[in-house]
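Report on the structure given below.
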Amino acid sequence: MSHETVHVDLPGRAYDILIGAGLLQEAGQHIVPFLRRKRVAIITDETVAGLHLATLQASLDAAGIAHSALALPPGEATKGWEQFSRAVEWILTEKIERSDLVIALGGGVIGDLVGFAAAVVRRGVRFVQIPTSLLAQVDSSVGGKTGINTGQGKNLVGAFHQPTLVLADTSLLATLPPRDFLAGYGEVVKYGLLGDAAFFEWLEANGPAMAAGDIDKRNYAVCRSCEMKAEIVMRDETEQGDRALLNLGHTFCHALEAATGYSSRLLHGEGVAIGCALAFETSARLGLCSQEEPSRVRAHLAAMGMKVDLKDIPGDLPDAEALLALMAQDKKVLDGKLRFIMARGIGAAFVTSDVPADVVRGLLAEELARR
Ligand code: GLY
């Protein structure tokens, strides 16, 4: 089967992201060149195991690769110390050595947790990401950020550990509930908004067909997103500068996720989409871009049937001051100013510490009043 390849050219840690429909069935043949002995350990979650583990196992069998598997409970709660130590102990029990491979088969939770386990077992074993959600295919499986949540917050413990290979099988997206697909789409839109106006325009024209299942459009959107992420990660692997652009919409998102208790009231990708709309609205209020730009962002999200504004989040939200306090926890406040990703237009985001807290407070208060 044909696939696209995006190369992440990091010195000493270069790897390919293969993107296409049917890659899971071919996983064994893509993985075998990386093995010194034909043996791997797979970690997945129970939901993904039910849908896709047998296909992966059959393809490993066909390539003569021995394998064992651990299925963790599905959901964000898995991404903590308890399941992390379970995964680490299991990898050790399976006698995985430094030159062996661990496979992360699942969405963002599995990718982040297994990547972190691989980073610390024997001071680093190699791992392959097989992302099964749109969010994982376009964001979390690429770029080497791994980690878990703690009682203090999300992703607070982790490591940069680049995978050896990423296999993004776009046909797996057909098994996603529509809400999860659209949440992942929030991260896809983010790429257009932060750095590629032509891609955003393509999404405006093709997003609905892509959501409806068009596989060529899904392949293109995942590929373009991965190219953009790879390009930014190659410039700034450990987020000293430009990688922060990938956090467009995320300061608003993290505050809204905290305010909704990281519950199903708001999925991460939904928060990213709302956060991007708010970031563009703030940019317009600061005179950085015209008012048409946030209107266009909101129009596209609405056309996709996505959450657009604070009024689309069910249940109570705290007041503007409390939301601002949650944002300040996420990003440092300097002399009453927040560090943000703002935009001079669609496809032209930049990092700035020059956002007055008053402007953000005013916008949030107006948005809350419209609920
Ligand atoms: N998800 C943001 C990053 O990988 O930097």
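Counting convention: from 1, in listed order, for ligands and their atoms alike.
Cation-pi check for Arg344 over Phe350 is met; the charged atom lies under 6.0 angstrom from the ring centroid and within 45 degrees of its normal.
Counting heavy atoms under 4.0 Å from ligand 1, residue Asp139 touches it through the side chain alone.
Salt bridge Arg361/Glu321: present, at least one basic N to carboxylate O contact under 4.0 Å.
Protein heavy atom nearest atom 5 (O) of ligand 1, with residue, atom name and distance: Arg243 NE, 2.7 Å.
Note that CD1 of Ile274 and CG of Leu278 are 7.5 Å apart. Values are rounded to the nearest 0.5 Å.
The N/O atoms of Lys229, backbone and side chain alike, include one that comes under 3.5 Å of an N/O atom in ligand 1. Of the polar atoms of Lys145, at least one N or O is found under 3.5 Å from an N or O of ligand 1, judged by distance alone.
There is a side-chain donor-acceptor pair under 3.5 Å between Asp61 and His67.
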